[in-house]
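Residue numbers start at 1 and run along the sequence shown.
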Amino acid sequence: MSLHPVLHAVTQRIIERSRDTRAAYLAGSQAAMRQGKVERSQLSCTNLAHAFAAMPDGIKIHLKEAARPNLAIVSAYNDMLSAHQPLETFPAIIKAEALKVGATAQFAGGVPAMCDGVTQGFEGMELSLFSRDVIAMSTAIALSHQMFDAALYLGVCDKIVPGLLIGALAFGHLPAVFVPAGPMTTGIANDEKAKVRQLYAEGKVGRDALLESEMASYHGPGTCTFYGTANSNQMLMEVMGLHLPGAAFVNPNTPLRDALTRRAARVAAEISAQGSRFTPICEVIDEKAIVNGIVGLLATGGSTNHTLHINAIARAAGINVNWDDFDELSAVVPLIVRAYPNGKADVNHFHAAGGMGYVIRELLDAGLLHDDVTTIMGRGLRAHSQEAWLQDGEAAFRDAPAVSGDDGVLRPAANPFSADGGLKVLTGNIGRAVIKVSAVKAEHRVVEAPAVVFHDQNELLAAFKRGELEKDFVAVIRFQGPRANGMPELHKLTPPLGVLQERGFKVALVTDGRMSGASGKVPAAIHVSPEALLGGDIGKVRNGDLVRLDANTGELSILVNAAQWASREHVQIDLSANQHGVGRDLFAGFRQLATAAEDGAMSFAHPLWAGR
């Protein structure tokens, strides 16, 4: 199948737009390469002695040899978060396997891993997005010792994988293998969980019933099973060629999961400069790989958070991506997966129906993915149209199923759930925004109603409890951007807005903040840019202004006289309450430096983009 013309056109535009910055990035990566020598051979004897003083004598012997690759392990392990708790055992598995193939491995460093599910709706959520950049910097610190010839990155959830990847790309000369932990086994049905949340929001059940429901859903080790940002991360790593085929959604603490972790260690040694097929990450993450990531996101109905993260990842590799690229690709990429919140199934069901191997093969055959890319498996994405299985106790790969195991969850590209990817760019006199409509019913995709303005999500919740929102309205929640308060997710709004929509009211959300990858059925124009704090026109909206949100045509406008709109002043509010407590004091510099959402909401000024 020839490449789809829109995929080709968008890719070529990105290549041209990124020509100078990409060339600078590759030049920097090339300059760091050691021409086949191990990294640690550049260190003095004193430096080297410091680096393996604590190693067992047998490992020291290997580390003194100048021909053996040494693998870095960078991990987001902690035992509070279910998604990362299984990573505790991975370093020992990796170290043992590395020795078997003539390499060594050291735990280079840990990175923080916070959970949006725990901080959702509370002050800690205002650190969430910036934690991605802290993770990137922590990764750089772990690798800064120049002891390593390849790296394995252990992480799963929302900001962790993008942060690890941004950090890895700062060391473009090093090969990289991403190692997931997998989803927890299936708990109660997602729609049942959502129903209990709505009943709680309406005051019809108590906290005890809500907690029992949540515990039945989030019940064991592994990633949450809905298709939110965490599992979108795993899709992304697979379609961009940084995972082993079929690795994304294998449950933790199973023989296949451990076998995949062992295989990841062997692959990391193979693709090191001392291995049989040197593959630095700068050659894996290129313009075509980034486009493949966007296509994967659209075809699976993935998280809107990746309209920030993919852009930030791309910039770390010298590539300039914007929302127009997402919008144009969305128009031609079919939605072939329905997993909650876009359907009733969870990721375990999706994986059993055919999983990522099926998705990649369907999209390749439809001309909607670039096959001519480099992955950790070699040249060509087709190798990732396979699934993993256990053969004689080891991970092996075979062709993904030819037919979906459940066409209510996974369909061929020729018979999709919808002809487009369900992600739209909205523009108008408020600014630019994105909206995910793959879970929004057709009758809810156009809302024209008066604005009700809030400066905090708790204000809306209080108004809902007072019964003041029993009407058609568009909730405008502003001063939620990266510069204002770190751009927290506003997922806490989903249950009350869902209740009002089910009661027959026309409701929508417009915000310069974020919504969770778990949100969906209420139309939400998010990431509005410029944000209110930077003079974005969302700061001009007044209570009662007629708002038109049209996800079909891509319009987001305030329907007021143009001259009146132009003459309005931007609202100013006191944001001092966002600056202190729960560690927010330490992130003042991040807030001051944060770029716009479309530029990835990055808090560090990357040298490749100086003056751009």
Report summary line: Tightest non-hydrogen contact, residues R445 and V437, listed as NH2-O, 2.9 Å

Requested in this report: Begin from the C-alpha positions of H370 and V291 and carry the test side chain to side chain contact (heavy atoms under 4.5 Å, CB included) through to its verdict.
Outcome: CA-CA 8 Å; H370 293 285; V291 169; 4.1 Å; yes

Report task. For residues L242 and A176, report the shortest heavy-atom separation together with the two atoms involved. Result -> CD2-O, 3.9 Å

Report task. First locate atom CD1 of I166, then atom CG of D133, and finally report the distance between them rounded to the nearest 0.5 Å. Result -> 6.0 Å

**Report entry** Shortest non-hydrogen separation from P112 to S138 and the atoms involved
**Finding:** CD-OG, 3.8 Å

Query raised in the report: Going through the distances and angles, do S75 and V111 end up as a side chain to side chain contact (heavy atoms under 4.5 Å, CB included)?
Result: CA-CA 6 Å; S75 176; V111 303; over 6 Å; no

Query - Side-chain (T279) to main-chain (R277) donor-acceptor, under 3.5 angstrom - result: yes

Query - Salt-bridge present (E362, R411; N to O < 4.0 Å) - result: no

Query raised in the report: In Å and rounded to the nearest 0.5 Å, what is the CH2 to CD1 distance from W323 to I294?
Result: 13.0 Å

Query raised in the report: Could you go step by step and tell me if T494 and H491 meet the side chain to side chain donor-acceptor pair (under 3.5 Å) rule?
Result: CA-CA 5 Å; T494 300; H491 183 46; 3.1 Å; yes

Query raised in the report: When you check the gap from the basic side-chain N to the acidic O, do K159 and D116 get nearer than 4.0 Å?
Result: yes

Report task. Give a yes or no on whether the backbone of E287 and the side-chain of R22 come within a donor-acceptor separation of less than 3.5 Å. Result -> no

Requested in this report: For G167 and F171, work out which heavy atoms get closest and say how close.
Outcome: O-CD1, 3.6 Å

Requested in this report: Give the minimum heavy-atom separation between L381 and E238, together with the two atoms involved.
Outcome: CD1-O, 4.4 Å

Query raised in the report: Within the distance-only criterion (no hydrogens, no angle test), does the side chain of K288 pair as donor or acceptor with the backbone N or O of L369 below 3.5 angstrom?
Result: no

Requested in this report: State the CD-CD distance between Q30 and E283, to the nearest 0.5 angstrom.
Outcome: 8.0 Å

Report summary line: dist L260:CG -> F397:CZ (nearest 0.5 Å) comes out at 6.0 Å

Report task. Might you point out which heavy atoms bring V156 and A83 nearest each other, and give the distance in Å? Result -> CG2-O, 3.8 Å

Query raised in the report: Does the side chain of T139 reach to within under 4.5 Å of the side chain of L143, using non-hydrogen atoms?
Result: yes

**Report entry** Residues D599 and R315 bridged, charged N to O under 4.0 Å
**Finding:** yes

Query raised in the report: When you check the gap from the basic side-chain N to the acidic O, do E598 and R432 get nearer than 4.0 Å?
Result: yes

Requested in this report: Check whether the side chains of R514 and H527 place a donor and an acceptor atom closer than 3.5 Å, and report yes or no.
Outcome: no

Requested in this report: Quick one: pull up CD1 in I538 and CD in Q480 and give me the separation to the nearest 0.5 Å.
Outcome: 9.0 Å

Report task. State, yes or no, whether a side-chain contact exists between I285 and L169 at a heavy-atom distance under 4.5 Å. Result -> yes

Query raised in the report: Counting only N and O atoms by type, is there a donor-acceptor contact under 3.5 Å from the side chain of N322 to the main-chain atoms of D325?
Result: yes

Query raised in the report: Which is it for K424 and V434 under the side chain to side chain contact (heavy atoms under 4.5 Å, CB included) test, yes or no, and what are the steps along the way?
Result: CA-CA 6 Å; K424 297 271 191 177; V434 295; over 6 Å; no

**Report entry** Value rounded to 0.5 Å, distance of SG in C115 from CG in L81
**Finding:** 5.5 Å

Requested in this report: Under the side chain to side chain contact (heavy atoms under 4.5 Å, CB included) rule, what do S128 and E489 come out as? Steps first, then yes or no, please.
Outcome: CA-CA 9 Å; S128 172; E489 287 183 352; 6.0 Å; no

Report task. Answer whether the closest heavy-atom distance between the side chains of L127 and F590 falls below 4.5 Å. Result -> no

Report task. Before accepting this row, confirm whether a basic side-chain N of the pair R13/E16 lies closer than 4.0 Å to the acidic partner's carboxylate O. Result -> no

Requested in this report: Compute whether any side-chain donor of one residue and acceptor of the other, for S303 and H306, lie under 3.5 angstrom apart.
Outcome: no

Query raised in the report: Looking only at side chains, do S272 and D149 share a donor and an acceptor under 3.5 Å apart?
Result: no

Query - D537 side chain to H570 side chain, donor-acceptor N/O pair below 3.5 angstrom - result: yes

Query raised in the report: Is there side-chain contact between P280 and M33, with heavy atoms separated by less than 4.5 Å?
Result: yes

Query raised in the report: So, the side chain of R478 versus the backbone of V541: is there a donor-acceptor pair under 3.5 Å, distance only?
Result: yes

Query raised in the report: Would you say the side-chain atoms of R338 pair up with the backbone N or O of F417, donor to acceptor, closer than 3.5 Å?
Result: no

**Report entry** Cation-pi, F130 ring and R132 (6.0 angstrom, 45 degrees)
**Finding:** no

Query raised in the report: So, S18 side chain and I319 main chain: donor-acceptor pair closer than 3.5 Å or not?
Result: no

Query raised in the report: Is R382 salt-bridged to D365, cutoff N-O under 4.0 Å?
Result: yes

Query raised in the report: Can you check whether P334 reaches L368 side chain to side chain, under 4.5 Å on heavy atoms?
Result: yes

Query - Partner of F178 by side chain to side chain contact (heavy atoms under 4.5 Å, CB included), out of L244, I376, L164 - result: L164

Requested in this report: Please examine the side chains of H351 and V347, heavy atoms only from C-beta on, and report whether any two atoms are closer than 4.5 Å.
Outcome: no

Report task. Say whether D327 and S330, considering side chains only, have a donor N or O and an acceptor N or O under 3.5 Å apart. Result -> no

Report task. Return the orientation label for the Y227 and F350 ring planes: parallel under 30°, perpendicular over 60°, tilted otherwise. Result -> tilted

Query raised in the report: Any salt bridge between D512 and R483, counting N to O under 4.0 Å?
Result: no

